[in-house]
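Model, not experiment: these values are computed from the prediction. Values below: every heavy atom of this structure, side chains too, minus hydrogens, waters and symmetry copies.
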Amino acid sequence: MGSLAQKLSGIVGSAFESQGLDKSFGTVRVADRPDLAQFQCNGAMAASKAAKKNPREVAGAIVEELQKNPVFSKVEIAGPGFININVTDDYLSAYLKETGADKRAGVSDLGHNETVVLDYGGPNIAKAMHVGHLRSAIIGDSIRRIMKFVGYKTLGDVHMGDWGTHMGMLIDDYITRGEEKIVLDTNLNSQSSIDALMEDMAERYPRASGAAKENPDLMARAHAATVKLQNKEQPHYGLWEKIRDVSIKGMERNYAALNVFFDLWKGEADVHDYIAPMVEDLQKKKVAIESDGAQVVPVAEESDKKEYPPLILYKRDGAVMYGTTDMATIVERVKLYNPNKIVYVVDQRQGLHFEQLFRAARKGGLVKAAVELTHAGFGTMNGPDGKPFKTRAGGVMRLDDLISMAEEKAKSRMDEAHLAEDMPAAEKADVAHKVAIAAIKFADLQNSRVADYVFDLDKLTSFEGKTGPYLLYQAVRIKSLLRKAGYDITKSSPLMLADVDRPLALLLTELPDSIEGAVKNYFPHHLCDYAYRLAQAFSSFYGNCHILSEENKALRDSRLSLCAQTYRQLELTFGLLGIDIPERM
RNA sequence: GUACCCGUAGCUCAACUGGAUAGAGCACCUGCCUUCUAAGCAGGGGGUUGCAGGUUCAAGCCCUGCCGGGUACGCCA
């Protein structure tokens, strides 16, 4: 179906065709000069070359054609050859009625049920989740929700880091100190028992890892332990299984708090059995060769402007690396799901790794040429000082600590504003939680994915301006209004558009553009921008006319209908961002 | 050293991939709560888009060269 601008593009495109010009020149967009028109088409200027006429002449012919069409209330030429367009209120109303009733809110089916695997987890099972996992989870989960909505079959995979040298270090430390019982005696049904092991690892892992870096003997032992683990030898493998089970419990808690969902709870270890046959195959194809005692896939190409190190499959000591498991994961995904796309939502700093991986995968014929492999990388989350985010003490902040801090801030801010005072404690805590998550997620998602961003807890919990809580507030306000009016939120009434209504009505036609823009480049921030503009347009509308006291019944119903549609769009958009709206606040 | 990313209002960020007068939020200033939730609304000041060239009807966006910041560059993930 598409946005209103897309529909108009079809009409204007036909007008270009009737002049013997390509219909793509007819692309219509929302005007960036609302004082001049509702929509604009810039194609006449681009088409003037092909037509060998001056731009205003081309535009003139198009305008003449369009003026015959009753959907337009105004079509005129401006400046060097812009075509400015207004539509009639009837046409606008009919569009809103149609999309308001549509299951997909007017968005076209872009996915065609194609399968896409999304990789946006990557927590390490040797330690508790920390802020470094936040962006991946938030952005990746949002992309998954968006793609699912536009018709893709989506599979989100947590893809745990559970098979590398770090596990060898940790497990070797338990064994050499004879402290295996700490792991093995952990009771999976007891939160305190789980916490105890997590705390033990939180102390042990950095110490073991630091010691191994200092001491080559320890590092050699860690590598040996890693090989034993990867060969599933005991007691290494048994310890590993328990650590993994305990860690998953912690991950589940964290991801549930963030309202981040995964279809697949897989890890590097799950693909272990694919590795040997895959490497054999690559060796047979001469794609994998020996180099410095390691087995590698060279990925450099003639035309390269920089150096591409090979992807290492087996290190000199025979252990595998993350490139190996990533390759094997592609093999598994192709075998089990046959995806059309695989999207990795991973820190931008791993860009080179993914270039190597994709080249090696294609060179080895692991995926068909038509399969899209994308690294949707993101920038660093910095603190207010502009450097990577740290605790006050300079350490890495745990994810659950960060969430509690945001909840505390949300709670105290609600108290200050005397909000939710009459609520039962449980509901109040739930609202504070939703406000905190909305604050964190919106602050992250509103920035362009590729850029670094500053995470300033004080700022994003100040609850003013372009923030998650502001958006929740507007949504809740609409809901409350509709409740008071006794107007069914799913209903729609015939629209009567006065000057105060029109900006909101026009904005409501843009939803498909913002969703499609978000899908195209895996950019959720386009959706944030739309949600914010919508909330603001509503707030302005709300301030400019008093709806409940409106005496003209038809106008009152029309406005309630606009409110309901605005709410439904906000709810949909927040849903795609992974943000929950409380009933009241 | 080589490659990639970034540089936009005092601060934090947008700009629908080349369109008209570069937009928001915070901060600052002026109004608005005895009517639907003021976490709000209406308005104001604030810019040589790092610098210099180039491409074209049109450049924050594309090309070249500088300046400044970040990141990555074989046996970690």
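To the nearest 0.5 Å, atoms CD1 (Ile138(A)) and CG (Leu134(A)) are separated by 3.5 Å.
Using a 4.0 Å heavy-atom distance criterion, Glu268(A) is classed as a sugar-phosphate-only contact. Heavy atoms of Gly351(A) sit nowhere under 4.0 angstrom from any nucleic acid atom. Nucleic acid contact class of Pro310(A) (heavy atoms, under 4.0 Å, all strands): base.
Mapped onto RNA chain B by nearest heavy atom, Tyr453(A) and Glu307(A) fall at different nucleotides, with Tyr453(A) at the one closer to the 5' end.
Of the possible polar contacts, one joining the Ser9(A) side chain to the Val28(A) backbone as a donor-acceptor pair under 3.5 Å is found. Within the 3.5 Å criterion, the main-chain N or O of Asp162(A) finds a donor-acceptor partner in the side chain of Trp240(A). In terms of modelled atom types and a separation under 3.5 Å, the side chain of Asn382(A) and the main chain of Val454(A) share no donor-acceptor contact. Formation of a donor-acceptor pair under 3.5 Å by the Arg556(A) side chain with backbone atoms of Leu548(A) is found in this model. Checking side-chain atoms of Lys363(A) against main-chain N and O of Pro298(A) turns up a donor-acceptor pair under 3.5 Å. For the pair His133(A) (side chain) and His130(A) (backbone), a donor-acceptor distance under 3.5 Å is present. Counting only distance, with no hydrogens or angles, the side chain of Ser540(A) and the backbone of Gln536(A) share no donor-acceptor pair below 3.5 Å.
rC33(B): glycosidic angle within 90° of 0, hence syn. The glycosidic torsion of rU17(B) lies within 90° of 0, placing the base in the syn range.
A sub-4.0 Å separation between OP1 or OP2 of rA77(B) and a side-chain N or O of Tyr344(A) is absent. At the phosphate of rC76(B), OP1 or OP2 sits under 4.0 Å from a side-chain N or O atom of His223(A).
No more than 12 heavy atoms of other residues, nucleotides or ligands shown are found within 6.0 angstrom of NZ on Lys213(A). Shown here is Glu416(A), whose CD atom has more than 12 heavy atoms of other residues, nucleotides or ligands within 6.0 Å.
Between Asp529(A) and Lys466(A), at least one side-chain N (NZ, or NE/NH1/NH2) sits under 4.0 Å from a carboxylate O, which counts as a salt bridge.
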statement: Quick tally for nucleotides 14-28 of chain B: nucleotides whose base has a protein heavy atom under 4.0 Å get B, sugar-phosphate-only ones S, the rest -, giving SSBB-BBB--SSSS-
message: Output one letter per nucleotide in nucleotides 32-38 of chain B: B when a protein non-hydrogen atom lies under 4.0 Å from the base, S when only the sugar-phosphate is that close, - when neither is.
response: ---BBBS
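Residues satisfying the ring pair (Phe, Tyr, Trp, His ring centres under 6.0 Å) criterion with Phe541(A), sequence neighbours excluded, are absent altogether.
Where pairing requires Watson-Crick or G-U contacts shorter than 3.5 Å, the helical stems of RNA chain B with at least three consecutive pairs are B:1-5 with B:69-73, B:10-13 with B:23-26, B:28-32 with B:40-44, B:50-54 with B:62-66.
Checking rA39(B), rC75(B), rU71(B) against every side-chain atom of Met414(A), the shortest atom distance belongs to rA39(B).
Contact check of residues 315-324 of chain A against RNA chain B (heavy atom, cut-off under 4.0 Å) returns Lys315(A), Arg316(A), Met321(A), Tyr322(A).
The list of side chain to side chain donor-acceptor pair (under 3.5 Å) pairs with a residue in residues 431-445 of chain A, not counting sequence neighbours, reads Arg135(A)-Asp444(A), Glu407(A)-His433(A), Asp430(A)-Lys434(A), Asp444(A)-Tyr453(A).
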task: Evaluate the side-chain hydrogen bond (donor to acceptor under 3.5 Å, both in side chains) criterion for residues Gln283(A) and Glu290(A): first the C-alpha distance (whole Å), next the side-chain angles of each, then the deciding distance (0.1 Å), finally the verdict.
output: CA-CA 9 Å; Gln283(A) 285 166 332; Glu290(A) 201 234 287; over 6 Å; no
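Separating the CZ atom of Phe378(A) from the P atom of rU71(B) is a distance of 16 Å, rounded to the nearest angstrom.
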